[in-house]
Amino acid sequence: MSSDLPSPPGDGPDLTDADYDYAADDVAEPGLVADLEDLVDGDVRFDTYSKQLYATDASAYRRTPIGVVLPRHTDDVAAVMSYCAAEGIPVLPRGGGTSLAGQTVNEAVVLDFTRYMDGIHEVDPDAREATVDAGAVVEAVNEAAAPHGLKFGPDPAWRDKSAVGGAIGNNSTGSHSLKYGKTDAYVEEVEVVLADGSVETFGEVAVETMRAEADPDGELLERIYAELVRIVDEEADAVTERYPDMKRNVSGYNLDVLVDEARGEWADQGIGAGGTGEPGTVNLARLLCGSEGTLGIVTEATVSLVEVPETKAVALLTYDSLNEAMDDVAPILEHDPAAVEVMDDTLLDLARQTTEFGDVVGLLPDGTDSVLLVEFYAEDDDEGREKVADLVADRCPGTDTVVEPTADRVDTDEPIRARAAMEAHDADERATFWKMRKSGLPILLGRTSDAKHISFIEDCAVPPEHLSEYVEGFQELLEEVGTFASFYAHAGPGVLHVRPLVDTKSLEGMEQLERIAEGATDLVVEYGGSVSGEHGDGRARTQWNRKLYGDDLWNVFRDLKAAFDPDWLLNPGNVCGDHSLTEHLRFDPEYAFDAGFDPELHWDNENGFRGMAELCHGCGGCRGGQSTTGGVMCPTFRAADEEIQSTRGRANLLRGAMSGELPADPFSEEFADEVLDLCIGCKGCKRNCPSGVDMAKLKAEVAHERHEREGASLRDRLFANINLVSRVGSALAPLSNWATKLPGSGVVAEKALGIAAERDLPAFRRTTLRDWYEARGGSAVSEADADRIAVLVPDTYTNYNHPEAGKAAVRVLEAAGVRVELADVEDTGRPAHSMGFLDTARERTAAAVDDLAPRVDEGRDVVVVEPSEAVMLQSDLLDFHDTAAAAAVAANSYGVLEYVDAFRLDEAMDLAGDGSLTYHGHCHQKATKKDHHAVGVLRRAGYAVDPLDSTCCGMAGSFGYEAEHYSMSTAIASILYDQVDASPGETVVAPGASCRSQLGDREGAGEEPPHPVEKLAAALA
Ligand SMILES: Cc1cc2nc3c(=O)[nH]c(=O)nc-3n(C[C@H](O)[C@H](O)[C@H](O)COP(=O)(O)OP(=O)(O)OC[C@H]3O[C@@H](n4cnc5c(N)ncnc54)[C@H](O)[C@@H]3O)c2cc1C
Ligand code: SF4
Ligand code: SF4
């Protein structure tokens, strides 16, 4: 053993975090910032907000960085590294920050590659390679490769939010690792900045070349070569002996790959494994895989690509116990599946509770405890069906299959354990099974209690033949410490995700944490497994590497680290440093939270407002792009590409300000401007965040308290009282409209009120919907003739600005035999709510309940044309009023096409829609899962409809009219405009008034698009 470093902890003198002598106080930040600003073209951010934003990732840890640099090119990275090397300052490269073990939080200068260094330089279909920047999103690489029928092999679940540099750092992989292996099998070459700031290209190199250039006393690269040659010469047998004999191991450094390559054994490792296969040649790019930013900083990578499989087929096998399912994994693997995923009873129960998957889980036989989802890749559909039939014939004989099993099928001769089998072949059915497999986790992660399902031993791996004993031992361990966990995910390669419920804010929880981690490590060591089969070492698992690999290999790791990074400046503490499981947790017994006010709204979750403010677990799901991730969340991140504009950024800053981590007053003007102001309240996070973080509701509370303390601007009050303003505007129309069109009126509006000069305010209509309705003598359907009676709310926008949509609603409903009465109430409280005037909103919602509840009591339904107002009555109302009357109104309120769909009213209409429509739904209706109704109705009416998977339009009520928000609003709109341009629909339709206004500003749009109910009315024969 050649280590000159101090002995490992416990055997000798204590090690520091690493062997650097940096401490935050030693760095004169102003000088540091000025120096870095001089050195780099990118952004240098050392303010407290930026540091708080990068203090957490998707793990349970928190560590404030020294500062953040957003490099623009390799020279920036090299400049930062050389400067920091000279000053002894640690550096941490970061991608999407979606790591689960804490490897992207450190006291270091963080380099965020995702802002500027995210380009895809080349996809070469002939060489089947892509050359990309380290910050390129993995799924964006897939998008670029898709036209050639290619993709990046590994499929980490969060590939649409994480970067290639991060995949290299963690050696990432996913559900189909049985076929594709890990990232290391695909990284051919990297450009890397080493610890002294030098830039090198790492790829294939002969061991003899390294030997010739090696010099233990020479330059950095010569010292690295010397250590690598020594490991190949002296440690190869120890590596082979001590590394777990399984592909899913990402703990420690990739020394097994190094020695296998040197022996010429690597190319046999599985699909995708590149390399020459020649003994004596290694690929140093692969050595960086799984090194967690501790050996070098990747700036660019060339990765190999694989063919997208022709077709897939899925079988779902059900079991009476988790152990039986686990015992069945090894024989199933003999059928050569691409994936074998497990779901245990806890997750099945949670999936059963969801409206989306309750029905599917209901199809499983009574008593089903666990299921295995088995996926096959196939050349064509027939082969896929045969593979499923062969599997079922072997593992669940007697079950009918779509085709007969083949004559030469695999017969494992193992006891039969599965109780039933289902199969899925078309894309939608397969997607349903996969979504079901993933559906329970968000519920686990949605706990707002102090105890949370945290990740710290969530990806231990054991050889599949030991899964059953491992699970049994793990369950006993959990019982012993008095908690529980669900077991799910990648059973095929032996990686089970386990997130025990632990409250790290309590001392008991901290003790549980340690006991579980230690016990789980003992179990994986006993069964020849790994403490990390997927997510890496980070802060949670580094300390267990010594137990896993033993002192000798632990010291080899440290020698390797010292050779690459003599001063231990690259992400120090990880892999073989002194990070400890229990230090620097985000929530620990010292953590305290004080919101500083009494919330106005009902919070029916555990821990109320605090529970919601602490809910974001940092997964980075809100950083996904429109084309890669889809959905609504988070439009402001999509427009700005800035962490602070993501839901995660806002949640981290809000929690930080209220827990004292961030020295900021959450009710100050600065905090409002920097953090919450640009949240457009679209509720995308409430819908798409796996934990259901409701930033719009959090923002409403904080804005209200701010109004209470600081007062509110005239503009905010005007928008909150838009109903009153509209009433006056309509009474004075057309004069009021001319006034806004006068030359210079926009400038005046901007100066006096802060309304964007570029915007045309919606025109007021002299004849309102109510005027029209009264003039026609009320409903054309008498009470006696009516099949149903609807109370139509003439909401502000429909009544005063867009009565034609309201008239269309009346026509449509009457055509279905519905009597339409108008509500007295016009203002549902939505405008006041979205401007943060919660007491005003409370009064208005109370008035709405007073008006509508008695009518609902009489059997009438409430119908609203404007989606945000409909959602106000359907759900936000209950945040104000916990009464039976409010609940009755909420349960009986509908958006207009939701109403048509819910009662199949269109079946009573004679409809002949013609043409094609592009449908942009309203984000509030998407958040409440009400958006599909309109599409169904329009299709049945005869239209071809292309529903856009769009985010918010960016107008968001009054947001887009506000001068300081105009640029954000139009940046968000441009995402929608691109989708509309790409859609085949002839006519755009959108139920939201502000969406229509925004879409009307699209170049070439001509005029504002119609409400979908207008197209339905137009289809009436
Ligand atoms: C919900 C969820 C599901 C997940 N599913 C999977 C899964 O299926 N499979 C899986 O493997 N992982 C999974 N992960 C973990 C994580 O998403 C992946 O490991 C991902 O590839 C990390 O990418 P990132 O861009 O977020 O990297 P980061 O988290 O930013 O960084 C990861 C590591 O790489 C280092 N690094 C980043 N950039 C560079 C660079 N340029 N040079 C050198 N080192 C660098 C960092 O220092 C860090 O140590 C999941 C995470 C979440 C939250
Ligand atoms: S807000 Fe939700 S999606 Fe975003 S990081 Fe937090 S938990 Fe993940
Ligand atoms: S409400 Fe919309 S804009 Fe605000 S954080 Fe959530 S997704 Fe982003």
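Each ligand, and each atom within it, is numbered from 1 in the order the structure gives.
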Checked atom 6 (Fe) of ligand 2: protein N, O or S atoms closer than 2.8 Å come out as C616 SG
Assess, by modelled atom type and distance only, whether the side chains of S175 and D155 contain a donor and an acceptor separated by less than 3.5 Å. no
Between R447 and H453, is a side-chain contact (heavy atoms from CB on, under 4.5 Å) present by the stated rule, with each step listed? CA-CA 8 Å; R447 277 183 192 269; H453 290 279; 3.0 Å; yes
Atom 3 (S) of ligand 3 sits nearest the protein heavy atom I680 N, 3.5 Å
Within the 3.5 Å criterion, strictly below it, is a donor on R541 or Q103 matched to an acceptor on the partner's side chain? no
Looking only at protein heavy atoms, what sits closest to atom 8 (Fe) of ligand 3 is C634 SG, 2.4 Å
When you compare the side chains of T302 and E188, does any donor N or O come within less than 3.5 Å of an acceptor on the partner? no
Cut-off 3.5 Å, side chains only: do R623 and T98 have a donor facing an acceptor? no
Mind checking whether V298 has an N or O less than 3.5 Å away from an N or O of ligand 1? yes
Using 4.0 Å as the upper bound for N to carboxylate O, is an ion pair formed by K247 and D184? no
Spell out, as yes or no, whether a donor-acceptor pair under 3.5 Å connects the side chain of S646 to the backbone of E643. yes
Can H584 and Y61 be said to form a ring-ring contact (aromatic ring centres under 6.0 Å, His included), step by step? CA-CA 6 Å; H584 306 302; Y61 294 92; 8.4 Å; no
Would you say the side-chain atoms of W434 and E341 include a donor-acceptor pair closer than 3.5 Å? no
Donor-acceptor contact present, side-chain R248 to main-chain G533, <3.5 Å: yes
Could you check whether R655 pairs with E614 (Lys NZ or Arg NE/NH1/NH2 to Asp/Glu carboxylate O, under 4.0 Å)? no
For L92, the ligand 1 atoms whose distance to one of its heavy atoms is below 4.0 Å: 47 (O)
When rounded to the nearest 0.5 Å, the distance separating CD of Q645 from CD1 of I972 is 9.0 Å
Can you pull out the closest protein heavy atom to atom 2 (Fe) of ligand 3? Residue, atom name and distance to 0.1 Å, please. C682 SG, 2.3 Å
Yes or no: does D57 have any heavy atom under 4.0 Å from an atom of ligand 1? no
Does ligand 1 have a heavy atom under 4.0 Å from the side chain of I168, from its backbone, from both, or from neither? neither
At the 4.0 Å heavy-atom cut-off, does G296 count as touching ligand 1? yes
By number and element, which atoms of ligand 1 are closer than 4.0 Å to a non-hydrogen atom of S99? 28 (P), 29 (O), 31 (O), 32 (C)
Tell me: protein heavy atom nearest atom 5 (S) of ligand 3, and distance? R650 NH1, 3.3 Å
Please list, in number order, the atoms of ligand 1 under 4.0 Å from a heavy atom of N571. 47 (O), 49 (O)
Could you pull out, from N170, D133, T114, the option with a heavy atom nearest to atom 33 (C) of ligand 1? N170
Please work out whether any backbone atom (N, CA, C, O) or any side-chain heavy atom from C-beta onward of E292 is under 4.0 Å from ligand 1, and answer side chain, backbone, both or neither. both
Atom indices of ligand 3, in the order listed, that fall short of 4.0 Å to a heavy atom of M695: 5 (S), 6 (Fe)
Taking N or O atoms only and a 3.5 Å limit, does T173 qualify as a polar contact for ligand 1? yes
Atoms in ligand 1 flagged as close to S172, the criterion being non-hydrogen separation under 4.0 Å: 11 (O), 18 (C), 19 (O), 20 (C), 21 (O)
Consider every N or O of A157 and every N or O of ligand 1, then say whether any pair is closer than 3.5 Å. yes
Tell me whether R94 is salt-bridged to D57, with the criterion being a basic N under 4.0 Å from an acidic carboxylate O. no
Among protein heavy atoms, which sits nearest to atom 48 (C) of ligand 1, and what does the distance come to when rounded to 0.1 Å? T104 CG2, 3.5 Å
Closest by any non-hydrogen atom to atom 46 (C) of ligand 1: pick that one out of G95, A163, P442, P93. P93
Scan side-chain atoms only and decide if Q998 and S994 contain a donor-acceptor pair under the 3.5 Å cut-off. no
Could you give me the CA-CA distance, side-chain angles and deciding distance for M658 and F609, then say whether side-chain contact (heavy atoms from CB on, under 4.5 Å) is met? CA-CA 11 Å; M658 292 185 169; F609 177 89; 3.5 Å; yes
Look at atom 15 (C) of ligand 1 and say which protein heavy atom is nearest, naming residue and atom and giving the distance to 0.1 Å. T98 O, 3.6 Å
Tell me: protein heavy atom nearest atom 4 (Fe) of ligand 3, and distance? C679 SG, 2.4 Å
For H490 together with H497, are the ring centres under 6.0 Å from each other? yes
Tell me which part of K683 gets within contact of ligand 3: side chain, backbone, both or neither, using heavy atoms under 4.0 Å. backbone
Pairing of R159 and E139 as salt bridge, 4.0 angstrom limit: yes
